[in-house]
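These notes concern the structure reproduced below.
Chain naming here is simple, since letters A, B, ... match the order of the sequence lines and numbering starts at 1 in each.
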Number of protein chains: 2
Amino acid sequence: MARTQGSIGAETHEKIREVAEELIAAHGYAAVSMRQIATAVGVQVGALYRYTPDKQTLLFDLMRNHLEQVQSAWDATDPTDAGPVERLEAFCRFHVRFHLDRPRAVFIAYMELRSLTPENYAVIETLRNTYEARLEAIIRDGQDLRVIRVPDARVATMALIGMLTGVTTWYRDDGRLDRGRVERIYWRLARRMVKV
Amino acid sequence: MARTQGSIGAETHEKIREVAEELIAAHGYAAVSMRQIATAVGVQVGALYRYTPDKQTLLFDLMRNHLEQVQSAWDATDPTDAGPVERLEAFCRFHVRFHLDRPRAVFIAYMELRSLTPENYAVIETLRNTYEARLEAIIRDGQDLRVIRVPDARVATMALIGMLTGVTTWYRDDGRLDRGRVERIYWRLARRMVKV
DNA sequence: GTCTATAATGGGATAGAC
DNA sequence: GTCTATCCCATTATAGAC
């Protein structure tokens, strides 16, 4: 397979993304320098600018990429023909599983909103809102069909998102529970929260 | 009332804390400079160092102060003679109320852990764990007395903390719901989550 | 207790050689 | 596509005048 004409080094590009995600998740966007990233990648700082116009765009691309992946992965998972309770179970399990698999990307997407320029922030906020709206729609469907009952659909949505996303703050792979059990426990908690 | 001998300017000290909390919550510890803080306070940068030995200590004091206040405010609120369900209601309502009243301090306490030196991090982590242990103890009491039932006390604790703390990410004072209603809705969701 | 001035270091980004 | 060298500016923290 010939390399695409005019393409830049795909391996280096990928490594920059991995290293940037790791360092930014650990120390924060503002605390990580382009020099640190270059050193961890194994290149000099000037080389980074063949892959990103600036540091801000590097962050923005990481966040957009992650949120677009969440979105498309959920759209591929959503059992749209099923009832609201079954879809809610799919959502809760998907959210926990996906977030446990990508804790660093999740961390950045939630923590570095304030590091974005206003223009980039608007894009990312829209992506986040679109995803959260998917959950809210399921809850409202369930209410209409009287198979889900919550005091307030909007608050229940935000409470669920907060509860599910929080798993990344405490879960450890070498801990007492494996991912499957955690996924199951979170769904049982969620189900009781919204049950008729 | 005479000013304590040898004391530094109490008003300036307090203003530094307020300004630092506001700026760090908005932009992040690493992104805020001592110059920015000094300008917002209305002094020159050198003056700040009469009140804090360095920037790190300024952050650490903000976080410790907040967590100690959470702890002592809860200890003063906890209806220790009541049953587990009543105490859980007190906890949930307290947590939502306290966090809605201090969104910036909460934000910093959860987001800037990575900006602390290892020594300072250990202190803050201990304070956080102590507070979370209070909730877990209530849930375990409730399980023992068979008035609370959850799949796993530890996961339920973290799920509750995540759910309740998340309120600060979406609540707006000029929004649809006032604080009292939000507090009530969160408690209803929590109660269903842990009910027998 | 606050100021001005400065030391010492590191930041993002670019130019031009190879 | 990566390197070296550099520009220019911001950073934390301190010294010493007032």
Do we see a donor-acceptor contact under 3.5 Å between the side chains of A:His95 and A:Tyr131? yes
Between A:Asp54 and A:Thr57, does any side-chain donor sit less than 3.5 Å from a side-chain acceptor? yes
Under a 4.0 Å threshold between the charged nitrogen and the carboxylate oxygen, would B:Glu22 count as salt-bridged to B:Arg104? yes
Under a 4.0 Å N-O cut-off, is there an ion pair linking B:Arg87 with B:Asp81?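 No, B:Arg87 and B:Asp81 are not salt-bridged.
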Would you mind reading off the distance between [X] atom [atom1] and [N] atom [atom2], rounded to a whole angstrom?
X	N	atom1	atom2	answer
A:Asp54	C:dA13	CG	P	5 Å
A:Leu48	C:dT14	CG	C1'	13 Å
B:Arg50	D:dT14	CZ	P	13 Å
B:Met34	D:dT11	CE	P	12 Å
A:Tyr29	C:dG11	OH	C1'	12 Å
A:Lys55	C:dT14	NZ	P	15 Å
A:His27	C:dG11	NE2	P	13 Å
A:Leu58	C:dG12	CG	P	11 Å

Counting side-chain heavy atoms from C-beta on, which of C:dA13, D:dA13, C:dC3 comes nearest to B:Ala47? C:dC3
Of the nucleotides D:dC3, C:dA13, D:dA13, which has the atom closest to the A:Val45 side chain?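 In terms of side-chain proximity for A:Val45, the closest of D:dC3, C:dA13, D:dA13 is C:dA13.
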Residue-phosphate contact under 4.0 Å: [X] side-chain N/O, [N] OP1/OP2:
X	N	value
B:Thr12	C:dG1	no
A:Gln44	D:dT2	no
A:Ser33	C:dG10	no
B:Tyr51	C:dT2	yes

Mind checking if A:Val32 touches a base, just sugar-phosphate, or nothing, with heavy atoms under 4.0 Å?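 Sugar-phosphate only.
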DNA chain C: B:Gly42 or A:Pro53, which has the more 5' nearest nucleotide? B:Gly42
Donor-acceptor pair (no angle test) under 3.5 Å: A:Arg35 side chain, C:dG10 base: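 Flag unset: no donor-acceptor pair detected.
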Can the positive tip of B:Arg102 be found less than 6.0 Å from the middle of the six-membered ring of B:Phe98, inside 45° of the ring normal? yes
